[in-house]
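Since this is a predicted model, take the numbers as computed values, not measurements. Lettering of chains follows the sequences in order, A, B, ..., and the numbering in each one begins at 1.
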Number of protein chains: 2
Amino acid sequence: MATDKREYILDVAERLFAEQGFEAVSIRSISKEAHINIAMISYYFGSKEKLYEEIINRKLIPFEKIKQMSDTHASYFDKLMFIADVIVDKFFESRNFQILVFREMNLNQRTHMADFLIEHMQRNFLFISDIIKKGIRKKEFKNTDVDFTVMTLFAIIRMYTTSGMMICKLTNKASIDEVYDAKQKTKIKKFISDLFSAHLLTR
Amino acid sequence: MATDKREYILDVAERLFAEQGFEAVSIRSISKEAHINIAMISYYFGSKEKLYEEIINRKLIPFEKIKQMSDTHASYFDKLMFIADVIVDKFFESRNFQILVFREMNLNQRTHMADFLIEHMQRNFLFISDIIKKGIRKKEFKNTDVDFTVMTLFAIIRMYTTSGMMICKLTNKASIDEVYDAKQKTKIKKFISDLFSAHLLTR
DNA sequence: CAAATTTAATTAAACGTTTGTTTAATTCGC
DNA sequence: GCGAATTAAACAAACGTTTAATTAAATTTG
């Protein structure tokens, strides 16, 4: 069951990296938290940096699936909201990973990694931009700034899913778990729908 | 001119911390970049952590001024947009600082610092929440989710000002400078106004 | 099928660097 | 000539990684 152990180390390291940042987390703290020997990380992954790269690569989903599924929706608004819902779901279930990715994109450390992540982001960004542009052309949407609109979508979801402690305090929730329960997920989806409905739809 | 030198070290360190993160930046790299001896940082600030705390404390503005100034605006929407503009201005002129603050708020390192920053954020958050709630009560605003609305405002401004490299690539700008020029500042202010106008105002 | 052998997994210890900080000596400005 | 500023050198501690030895598992062999 070597893959199970590998996977477990990746999970533990992902959480620690998300909580403390890459350079603040030592090989020793990972091995202590995962109850393994220090040398096992070099043995399994080669180095701390390669471990980090594997953490990132294993969860970067191919966006193609979403593209296909969004085709089944009739209006551009429905397409857009379907994608928004998928992103919310994905972000909610991989919060540590998202914290890690967004932090990495804004660092000048490991620039090849940041560039790679930004390129990945760009593909998703362009796909959503495209939907909005088509919606505008077909007069389903108002003629608004497309870049800012897409950015707003990502900004809201990012803010909510990667700033848990902050949201917890700001919205007077009892615990982090309450910030990310099913009820809140429904609420943020509804909010996004309302916001973009008012912002985009011509009536 | 000891204060000038101090101030210069703070500026250099702030930039490096924003670019690379607290633990990735060494005392030696700061002193090299600022052309000073390693020992000068202990001499001036006591420790690396105290230097960091001073960087954060020196730019955390008192929000009271904004409160007073926003009183001069008649409608709640005007109040809100005045505050949004002030925040945009502030964030644009202190991007490195904002990068640093938001990163710190999402870290479990130095939790007393994170707690302090979140409390500071909470004051601003509550003030804006209050305006929106009053706007709703007076029927100037639609009855929308206040927390999510305020969060959206901060999320957009945060995303734009602290993810420069990403925005640069996503919006096909030639350079980072172009992302943060006066023209873009005007555009984002207008976008925010349009977005919240559609989202909040009863017509 | 059990013994022998090979491969894989795991360990404690040591490696050379780099870290933040301190010391004690020296230079500078008044 | 005196206090403040600046320096090079040294400090222990922690870092990521490697080593060589040991245990566990898998495979081959008789």
Side-chain angles (χ1 to χ4, degrees), chain A residues 1-58 96 100 103-104 107-114, chain B residues 1-58 96 100 103-104 107-114:
Chain A
M1 304 295 154
T3 61
D4 281 7
K5 196 161 215 166
R6 265 182 71 97
E7 219 57 35
Y8 179 66
I9 296 172
L10 288 166
D11 288 342
V12 169
E14 181 189 271
R15 198 192 78 237
L16 292 179
F17 284 144
E19 285 173 357
Q20 306 172 33
F22 179 77
E23 4 293 298
V25 177
S26 67
I27 294 277
R28 282 167 181 80
S29 71
I30 297 171
S31 47
K32 183 176 275 186
E33 193 82 0
H35 305 103
I36 52 156
N37 189 276
I38 325 167
M40 291 308 290
I41 282 161
S42 296
Y43 179 77
Y44 274 132
F45 306 99
S47 69
K48 186 187 175 188
E49 188 137 341
K50 281 179 189 163
L51 161 68
Y52 192 63
E53 285 171 7
E54 191 158 332
I55 287 172
I56 287 181
N57 282 320
R58 74 171 174 158
N96 280 335
L100 213 131
R103 188 186 295 140
E104 195 62 29
L107 282 173
N108 282 30
Q109 303 280 98
R110 300 169 290 280
T111 49
H112 67 285
M113 175 110 281
Chain B
M1 302 296 153
T3 61
D4 282 5
K5 196 161 215 166
R6 265 183 71 98
E7 223 47 43
Y8 179 67
I9 296 171
L10 288 166
D11 288 341
V12 169
E14 181 189 89
R15 200 192 77 238
L16 292 178
F17 284 144
E19 285 173 357
Q20 306 171 31
F22 179 77
E23 322 356 80
V25 177
S26 68
I27 294 276
R28 281 166 182 80
S29 71
I30 297 172
S31 47
K32 183 176 274 185
E33 193 83 0
H35 305 103
I36 52 157
N37 189 276
I38 327 167
M40 291 308 291
I41 282 161
S42 295
Y43 179 76
Y44 274 132
F45 306 100
S47 69
K48 185 187 175 187
E49 187 138 341
K50 281 180 190 163
L51 161 68
Y52 191 64
E53 285 171 7
E54 191 157 332
I55 287 173
I56 287 181
N57 283 319
R58 73 171 174 158
N96 280 336
L100 213 131
R103 188 186 295 139
E104 195 62 30
L107 283 173
N108 281 31
Q109 303 281 99
R110 298 170 291 279
T111 50
H112 66 286
M113 176 111 281

Round to a whole Å and report the spacing from [atom1] of [X] to [atom2] of [N].
X     : N      : atom1 : atom2 : value
B:Y8  : D:dT6  : OH    : P     : 14 Å
B:F45 : D:dT6  : CZ    : P     : 12 Å
A:E49 : D:dG16 : CD    : P     : 12 Å
A:Y44 : D:dT17 : OH    : P     : 17 Å
A:D4  : C:dA9  : CG    : P     : 13 Å
B:L51 : C:dG20 : CG    : P     : 11 Å
B:I36 : D:dA5  : CD1   : C1'   : 12 Å

Residues two or more places apart in sequence or in another chain: which of them pass salt bridge (charged side-chain N to carboxylate O under 4.0 Å, His left out) with A:E54?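 Per chain and number, A:E54 pairs via salt bridge (charged side-chain N to carboxylate O under 4.0 Å, His left out) with A:R6.
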For B:E49, give me all partners under salt bridge (charged side-chain N to carboxylate O under 4.0 Å, His left out), at least two apart in sequence or on another chain.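 With sequence neighbours excluded, B:E49 shows a salt bridge (charged side-chain N to carboxylate O under 4.0 Å, His left out) to no residue whatsoever.
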If you check the A:M40 side chain, which of C:dT21, C:dA9, C:dA14 turns out closest?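 Of the options given, the side chain of A:M40 lies nearest C:dA9.
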Can you list the residues that meet the side chain to side chain donor-acceptor pair (under 3.5 Å) rule with B:H112, with sequence neighbours excluded?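 Once residues adjacent in sequence are excluded, the partners of B:H112 under the side chain to side chain donor-acceptor pair (under 3.5 Å) criterion are B:E53.
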For B:D11, side chain to side chain donor-acceptor pair (under 3.5 Å) partners two or more places apart: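 So B:D11 forms a side chain to side chain donor-acceptor pair (under 3.5 Å) with B:R58.
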With B for base contact, S for sugar-phosphate-only contact and - for none (protein heavy atoms under 4.0 Å), nucleotides 22-30 of chain C reads BB-------
Give, for atom CG of B:L107 and atom CE of B:M113, the distance between the pair rounded to the nearest 0.5 Å.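 Atom-to-atom, B:L107:CG and B:M113:CE are 12.0 Å apart.
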Kindly give the heavy-atom pair with the smallest separation between B:I30 and B:L16, and that separation in Å.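 Between these two residues, the closest heavy atoms are CA-CD1, 3.8 Å.
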Interface residues of residues 16-27 of chain A with DNA chain D (non-hydrogen, below 4.0 angstrom):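 Residues of residues 16-27 of chain A under 4.0 Å from DNA chain D: A:V25, A:S26, A:I27.
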Kindly write out the residues that satisfy side-chain contact (heavy atoms from CB on, under 4.5 Å) with [X], not counting sequence neighbours, or none if the list is empty.
X     : result
A:I27 : A:I38, A:I41, A:K48
B:S26 : B:R28, B:S29
A:N37 : A:A39, A:M40
B:E23 : A:E23, A:A24, B:Q109, B:R110

On DNA chain C, check which nucleotide each of A:R28 and A:H35 is closest to and give me the residue with the more 5' one.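 By nearest-heavy-atom nucleotide position, the 5'-most residue is A:H35.
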What does the list of N/O pairs under 3.5 Å between the protein and nucleotides 22-25 of chain D look like, with a distance for each?
none

Looking at B:K5, I'd like to know whether one of its side-chain N or O atoms comes within less than 4.0 Å of OP1 or OP2 on D:dT6.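 The answer is yes; a side-chain N or O of B:K5 sits under 4.0 Å from OP1 or OP2.
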For A:Y52, give me all partners under ring pair (Phe, Tyr, Trp, His ring centres under 6.0 Å), at least two apart in sequence or on another chain.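 A:F17, A:F22.
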